Amino acid sequence: MDIFKIEGPVKLSGDIRINGSKNAALPIMAATILAPGKSTILDVPDLADINVLKTLLTSLGATVETRQKGEVEIDTSVIDNPVGEYDIVRKMRASICILGPLLARCGRAEVSMPGGCAIGDRPVDIHLRGLRELGAEICLKNGNIVATAPKGLIGKQIFLGGPFGSTVLGTANILMAATLAKGTTVIESAACEPEIGDLAGILNAMGAKITGMGSPRLTIEGVKSLSPVKYRVIGDRIEAGTFMVAAAITKGNLRLHNCNLDHMLAIVDRLEHIGVTIDTADDGCVVTRTGSIKAADITTQTYPGFPTDLQAQLMALLAHADGNSIVTEKIFPDRFMHVAEMNRMAANIRKEGASAIIAGVKNLVAAPIMASDLRASAALVLAAMAAHGTTIINRVYHIDRGYEKIEKKLNAAGAKITRESV
Ligand code: EPU
C-alpha cells in the first residue's frame, strides 16, 4: 500500500494542466454502450476509477483500448453479457451508470446493487424509480438489480427529485435510457451539473435529440439508434478547484490550464470572499493569495451551488482563517471523515449535525493521518503542504481514484511529496 510523505510548509508556483473530468468521463464511457461500433473518447484521465469502468465495459463484451495519453477507443459492436458483476461494481459505485444504457440496448440488465461508502449510504432508489417510469420491470435478486423491459422503454414525464435535490448519476441513467425509448421523455428536477451537459453533448453527437441541457428540465425525443463518435471530455472542475485551494493554502501562485471558470462560479465566489485572487487567462486562470485568509460560511448544494466534492478541500483552507467559519453539507450530511484527521494536525474543527464549525488556527502541524475517501484525501494533501513538518498520509489509493499523478503535478510547482510503498 502506498503512503505520501509531505514536507511543509511550501509555497507553490507554476503551471498546471487540468485533466479531463472523471465524473464526466465515466457516464460518457458508459454511453458508448448505446452506439454499437467504435467510439473514441479524448482527454480521459488515467485514474483507478476509469480503469474499473474499462474492466466493466470489457466484461460486458466491449473492447477497450487506450491508444495514447487520454485517448480511449471503445468498441461496443458486441455487448453480449449485460451483467455488472459484484466483484467489479463493488470497487466503484459509479458503475451503476451502465444500468440505463444496458437496459436500453439489450432490453435486460443486471447490475450488482452498490453498497454504502465513506461519504454516506448513497441509495439508488431514484435511478430505479426513473427506469420503472420508463416501463422497466425491476427486482432485486441475490444483491443484484435485475431490470427488464419486455415491451421496450416508453418515454414520459418523470419527476426525478429526491430528499437532497437532483441526482447526477440518476439523471445520467434515465437520460441515456430515454434516448432509445419510444416517444418523448421529460426529466423534471434533472441534475444541472456540467458533467450531465457533457453527457448530453456526446449523446446528441451520436444522434440523440436532447434539449434543455444545464436546466432542470431535459427533454429527450427517442430515436431508433445511435452511432459511434469521437468526443472530448470537459476539464475537471473539481481537480481545478483542488489546485485553486493548493495555491491559496500555500500562499502561492498557480496558472491553471484547461479550466472553465463558467463551471466554477460558486467556487470562485467563495475563494474570492476568502481573499484569493482569481484572474481569467487564456484557457484557464491564475490563482494567487498574498494576504490573510478570511473566515467564510459555505453550504454545499447541487449545481450551480457549491459542490460537495470541494467541501473538504475548502475546510483545509478555512482551518487557517482569521475567525470562525461554518461549512454545511446539504448533499452528503455525513461527509466529514476528514474533520478528525485535520484535528490531528492541530486544526480546531467541531462537527455539529451536518455542519462543521471551524475556528481558524495560525498553523497546522504535521502528523500521521489516514485518507478516508477521494476528496477527503485531497484535502489532507492540501493541509499537509501548509503544515509544519513531515505529514504521513496512509491509504493514498483513495486519491489515485480521482487525481492523476497528483504528487507529480504538485511537485512540479514546488511541493515536496514522496510516494512510498509500505
Ligand atoms: N440520492 C438518493 N437516491 C438516489 C440517488 C441519490 O437519495 O437514487 C441522494 C444521495 O444519497 C445524495 C444526493 O441524492 O444525498 C445526491 O447524490 P447523487 O446521486 O447526485 O450522487 P452521485 O451521482 O452518486 C455524483 C458524483 C459524486 C458527487 C455527487 C454529488 C460521479 C461519478 N460521482 O455522485 O462524486 O459527490 O454526484 O455531486 O459523478 C467524487 O467524485 O468524489 C464523488 C463522490
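Position 1 is the first residue of the sequence; numbering continues from there. These figures come from a predicted structure and were not determined experimentally.
Every side chain to side chain contact (heavy atoms under 4.5 Å, CB included) that Ala281 has, sequence neighbours left out, goes to Arg255, Val286. Annotation: side-chain hydrogen bond (donor to acceptor under 3.5 Å, both in side chains) contacts of Asn324 (sequence neighbours excluded): none. Among residues two or more places apart in sequence or in another chain, the salt bridge (charged side-chain N to carboxylate O under 4.0 Å, His left out) test is passed with Lys409 by Glu239.
Of all non-hydrogen atoms in Leu310 and Gly241, the two that sit nearest each other are CD2-C, 3.7 Å. Summarising the geometry of Ala247 relative to Asn253, their closest heavy-atom pair is CB-N, 4.5 Å, with the distance given to 0.1 Å. Closest approach of Ala366 to Gly389, counting heavy atoms only: CB-C, 3.4 Å. The minimum heavy-atom distance linking Gly130 with Ile158 is given by the pair O-CD1, 3.7 Å. Residue Met345 comes nearest to Ala387 through the heavy atom pair CE-CB, 3.8 Å, listed as atom of the first residue, atom of the second, then distance. Of all the heavy atoms in Pro114 and Ile145, the pair that sits closest is CD-CD1, 4.4 Å.
The side-chain hydrogen bond (donor to acceptor under 3.5 Å, both in side chains) analysis of residues 22-37, with sequence neighbours excluded, yields no pairs. For residues 297-314, the set of pairs meeting the salt bridge (Lys or Arg N to Asp or Glu O under 4.0 Å) definition, not counting sequence neighbours, comprises Asp309-Arg335. Pairs of residues two or more places apart, or lying in two chains, never qualify as side-chain hydrogen bond (donor to acceptor under 3.5 Å, both in side chains) while including a residue from residues 270-279. Listed by first and then second residue, the salt bridge (Lys or Arg N to Asp or Glu O under 4.0 Å) pairs involving residues 377-401 are Asp49-Arg401, Asp400-Arg419 (not counting sequence neighbours). The stretch residues 66-84 participates, sequence neighbours left out, in these salt bridge (Lys or Arg N to Asp or Glu O under 4.0 Å) pairs: Glu65-Arg67, Arg67-Glu73, Lys69-Glu404. Residue pairs meeting the salt bridge (Lys or Arg N to Asp or Glu O under 4.0 Å) criterion with at least one partner in residues 321-334, sequence neighbours excluded, do not occur; the list is empty. Residue pairs meeting the side-chain hydrogen bond (donor to acceptor under 3.5 Å, both in side chains) criterion with at least one member in residues 8-17, sequence neighbours excluded: Asp15-His257, Arg17-Asp43. Residues in residues 346-359 take part in these side-chain hydrogen bond (donor to acceptor under 3.5 Å, both in side chains) pairs, two or more places apart or across chains: Thr328-Ser355, Arg350-Glu352.
Arg217 is listed as a side-chain neighbour of Val186, based on a closest heavy-atom distance under 4.5 Å. Thr58 is not listed as a side-chain neighbour of Thr63, based on a closest heavy-atom distance of 4.5 Å or more. In this structure the side chain of Lys405 reaches within 4.5 angstrom of the side chain of Asp46, judged on heavy atoms. Within the 4.5 Å cutoff, side-chain heavy atoms of Pro101 are placed close to those of Met176. Between Val83 and Glu85 there is a side-chain heavy-atom pair separated by less than 4.5 Å. When side chains are defined from C-beta on, Ile33 counts as touching Leu60, because their heavy atoms get closer than 4.5 Å. Within the 4.5 Å cutoff, the side chain of Leu364 has no heavy atoms near those of the Met342 side chain.
The closest donor-acceptor contact from the side chain of Ser421 to the backbone of Met1 lies at 3.5 Å or more, if one exists at all. Side-chain atoms of Lys251 come within 3.5 Å of backbone N or O of Thr290 as a donor-acceptor pair. Put simply, the side chain of Asn394 gets close to the backbone of Ile369: a donor and an acceptor are under 3.5 Å apart. Formation of a donor-acceptor pair under 3.5 Å by the Asp269 side chain with backbone atoms of Leu265 is not found in this model. Under a 3.5 Å cut-off, the side chain of Asn144 and the backbone N or O of Met113 do not form any donor-acceptor pair. For Thr76 (side chain) and Ala35 (main-chain N/O), a donor-acceptor pair under 3.5 Å exists by modelled atom type. Under a 3.5 Å cut-off, the side chain of Asn260 and the backbone N or O of Asp262 do form a donor-acceptor pair. Panel note: side chain Thr55, backbone Asn51; a donor-acceptor pair is recorded below 3.5 Å. A donor-acceptor pair is defined here as one N or O able to donate and one able to accept, closer than 3.5 Å; such a pair exists between the side chain of Glu341 and the backbone of Met370.
In this model, a donor atom of one side chain and an acceptor atom of the other lie less than 3.5 Å apart for Thr66 and Lys54. Counted by atom type alone, Asp373 and His398 present zero donor-acceptor pairs between their side chains at under 3.5 Å. For the residue pair Thr300 / Gln311, no side-chain donor-acceptor distance below 3.5 Å is found, with atom types taken as modelled.
Annotation: Arg132, atom CZ; neighbour count of heavy atoms from other residues, nucleotides and ligands within 6.0 Å is above 12.
Here CG of Leu128 is found 12.0 Å from CD of Glu133. Values are rounded to the nearest 0.5 Å. The line from CG of Leu180 to CG of Leu103 is 10.5 Å long, rounded to the nearest 0.5 Å.
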Considering only distance and modelled atom types, tabulate donor-acceptor pairs under 3.5 Å from the side chains of residues 191-205, sequence neighbours left out.
{"from": "Glu193", "atom 1": "OE2", "to": "Tyr303", "atom 2": "N", "distance (Å)": "3.0"}
{"from": "Glu195", "atom 1": "OE1", "to": "Arg237", "atom 2": "NE", "distance (Å)": "3.4"}
{"from": "Glu195", "atom 1": "OE1", "to": "Arg237", "atom 2": "NH2", "distance (Å)": "3.0"}
{"from": "Glu195", "atom 1": "OE2", "to": "Arg237", "atom 2": "NE", "distance (Å)": "2.8"}
{"from": "Asp198", "atom 1": "OD1", "to": "Tyr231", "atom 2": "OH", "distance (Å)": "2.8"}
{"from": "Asp198", "atom 1": "OD2", "to": "Ile234", "atom 2": "N", "distance (Å)": "3.0"}
{"from": "Asn204", "atom 1": "OD1", "to": "Ile210", "atom 2": "N", "distance (Å)": "2.9"}
{"from": "Asn204", "atom 1": "ND2", "to": "Ile210", "atom 2": "O", "distance (Å)": "3.1"}

